[in-house]
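Here's the structure, in structure tokens; my notes come after.
Naming convention: chains lettered A, B, ... in sequence-line order (proteins, then strands); numbering from 1 in each chain. Computation of the quantities below employed the complete heavy-atom set of this structure, encompassing side-chain atoms and omitting hydrogens, waters and symmetry-equivalent molecules.
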2 protein chains.
Amino acid sequence: MPPRLRDRQPIRGEAETGRRAVETGHRQDQRTATERRRTELLEAAERVVLRDGPEASMNAIAAEAGITKPILYRHFGDKSGLYRALAKRHTDALLATLRAALDSPGDRRDRVEATLHAYLSAIESNPQVYRFLMHPAEAPTGDGEKGFDLGRHQVPLLRRMGEELGDVVAEQLDLGPDAGTVARVWGHGIVGMMYAAGDWWLGERPCPRDELVRTLADLLWGRLSTAPDRTAPQ
Amino acid sequence: MPPRLRDRQPIRGEAETGRRAVETGHRQDQRTATERRRTELLEAAERVVLRDGPEASMNAIAAEAGITKPILYRHFGDKSGLYRALAKRHTDALLATLRAALDSPGDRRDRVEATLHAYLSAIESNPQVYRFLMHPAEAPTGDGEKGFDLGRHQVPLLRRMGEELGDVVAEQLDLGPDAGTVARVWGHGIVGMMYAAGDWWLGERPCPRDELVRTLADLLWGRLSTAPDRTAPQ
DNA sequence: CCACGTACGTTACTAGCGGTAACCGCAGTC
DNA sequence: GACTGCGGTTACCGCTAGTAACGTACGTGG
């Protein structure tokens with residue numbers, strides 16, 4: 001890869017214009033102030049990530065915020081800390097949307113289709129956020145354990161969505177014995193189905209969204225088992 | 001000398017002990033020789049990746065092979081080239097296994113379960129290879145296009161499996177109009193289901209493999225639509 | 001008043017990364 | 001003998017994440 005021009009360092013003395021004078025009266029808004037600062041930094045980070053993708057550098061983020069790296073590290077510990085904080089808002093929002101769709105009125109098929117629609121339109125309307133959430137660009141291990149744990153620190157959104165959907169399935173359906181396990185398996189399975197099909201669809205756009213939703217719902221409705229064989233009539 | 005610590009370079013003169021003398025007779029095995037060298041390097045890389053995970057450094061791989069970085073770059077271009085070469089063998093093997101399962105005798109349900117079994121036992125028997133294949137640890141863009149392409153250079157194995165399965169579905173089932181699109185959607189969807197459920201199962205081990213296979217097959221067989229409601233016990 | 005704690009901010013560094021330029025030496029071939 | 005190509009090296013580049021040390025404004029408490 002050709003060497004990139006070094007990213008611009010923050011311009012000196014432009015971040016602190018006319019700020020301090022506003023809150024002279026208040027005293028112990030220290031905590032709220034740092035909180036506000038935190039969200040300011042997060043918004044800057046979000047701008048950069050949405051512009052440059054998940055591989056945005058801490059330098060670039062700091063520059064966007066008008067400051068330098070050490071402050072970012074004071075606030076978020078390390079890069080994965082920043083990314084975790086950044087991801088939280090979006091994952092929470094997405095999960096809320098999905099839960100709303102899962103609890104929407106209508107029969108079961110309607111709810112399933114509504115959920116698929118919700119997920120797909122979310123990733124469609126903001127692919128870069130989706131990409132950032134799903135492909136965290138190397139979350140640096142971080143756990144003390146070296147070895148074959150596998151998957152713990154990876155793609156947490158997929159896991160969370162799977163757990164969430166499993167809960168909903170468990171609470172809405174009567175699955176007989178082993179209901180808990182079955183529901184969780186289905187939760188992760190269905191989420192994975194949404195994920196892979198959605199990722200592929202977003203890249204190739206082979207059909208409108210409704211058709212994708214219908215086709216996936218057909219799959220979940222067992223059409224795979226009832227479709228006629230093709231080798232026989234030939 | 002500047003005070004920079006140098007990372008350990010490979011030990012001098014241990015890679016070429018008693019090698020040259022063997023093939024004095026042959027002449028134009030240059031191509032086969034470089035081919036052999038390539039696979040030697042790939043095996044060294046594999047050892048390191050299986051030991052250190054996907055974030056293994058080129059320096060470490062070169063050291064393991066008893067050489068230095070530039071040779072790796074001569075052979076594979078860049079890191080993603082090496083990783084692609086490294087992944088190819090395993091993906092080919094896995095895809096062949098899956099295809100065999102998809103074409104196995106028995107009825108449709110048997111074939112589906114056989115395929116699930118094949119995938120799950122593959123990732124179970126070698127989780128680190130699986131992890132390397134699925135989470136390529138930041139394939140560095142590489143494409144000229146900057147922007148929102150999304151997903152093209154990401155997780156190629158998932159895509160390939162989806163395409164492959166879509167082909168099989170299309171050639172075995174009669175899906176009426178739009179058969180091509182339906183088959184591909186299903187291919188990617190089913191693969192995603194396997195992927196997410198398998199990843200979760202591998203981490204938590206909530207049930208034996210057979211049960212997971214059966215539960216997923218049940219999902220594909222439409223049990224989601226036929227399971228009784230739980231909130232309204234008629 | 002002065003000292004303290006605390007936030008914000010900087011400069012200047014470190015080790016390590018992927019990747020490359022320039023060079024050496026050895027084989028075989030025209 | 002000159003040319004070419006491959007295996008191999010040293011030494012570098014620009015970049016990254018992360019840190020140490022220092023400075024500056026502020027409000028509080030002895």
Round to the nearest Å and state the distance from B:Phe76 atom CZ to C:dT20 atom C1'. 18 Å
Length of the line joining A:Glu35:CD and C:dC8:C1', which is rounded to integer Å: 16 Å
What residues form a ring-ring contact (aromatic ring centres under 6.0 Å, His included) with B:Trp200, not counting sequence neighbours? A:His188
Could you tell me how far apart A:Asn59 (CG) and D:dT19 (P) are, to the nearest whole angstrom? 15 Å
The helix from C:dC1-D:dG30 to C:dC30-D:dG1: angle between end helix axes, five pairs per end, rounded to 10 degrees: 30°
Apply salt bridge (Lys or Arg N to Asp or Glu O under 4.0 Å) to A:Glu164 and list each qualifying residue two or more places apart in sequence or on a separate chain. A:Arg99
Mind calculating the distance between CD (B:Glu40) and P (D:dC6) to the nearest angstrom? 17 Å
Per B:Lys79 side chain, nearest of listed nucleotides C:dT10, D:dT9, C:dG18: C:dG18
Whole-Å gap separating P (D:dG5) and CD1 (B:Ile71): 18 Å
B:Tyr83 OH to C:dC17 P: how many Å, rounded? 11 Å
Begin from the C-alpha positions of A:Tyr83 and A:Phe76 and carry the test ring pair (Phe, Tyr, Trp, His ring centres under 6.0 Å) through to its verdict. CA-CA 9 Å; A:Tyr83 274 30; A:Phe76 302 104; over 10 Å; no
B:Ile61 CD1 - C:dG18 C1' separation (whole Å): 12 Å
Winner on side-chain proximity to B:Pro70, out of D:dT19, C:dG19, D:dT10, is D:dT10
Residue mapping more 5' on DNA chain C - nearest nucleotide basis, A:His75 or A:Lys69: A:His75
Below 4.0 angstrom from OP1 or OP2 of C:dA7, is there any side-chain N or O of A:Thr34? no
Can you list everything that forms a side chain to side chain donor-acceptor pair (under 3.5 Å) with A:Glu211? Sequence neighbours excluded, please. none
Nearest to the side chain of B:Arg37 - D:dT10, D:dG8, C:dA7? D:dG8
Can you name the salt bridge (Lys or Arg N to Asp or Glu O under 4.0 Å) partners of A:Glu204, sequence neighbours left out? B:Arg184
So, are B:Arg160 and B:Asp92 salt-bridged, with charged N and O less than 4.0 Å apart? yes
Spell out yes or no: do the side chain of A:Arg74 and the base of D:dG18 have one donor N/O and one acceptor N/O closer than 3.5 Å? no
What pairs with B:Arg74 under side chain to side chain donor-acceptor pair (under 3.5 Å), at least two apart in sequence or on another chain? none
Side chain of B:Met58, heavy atoms from C-beta onward: which of C:dG18, D:dT9, C:dG9 has the nearest atom to it? C:dG18
Would you kindly give the CG-to-P distance between A:Leu41 and C:dC8, to the nearest whole Å? 8 Å
Closest nucleotide among C:dG18, D:dT16, D:dG8 to the A:Ser57 side chain: D:dT16
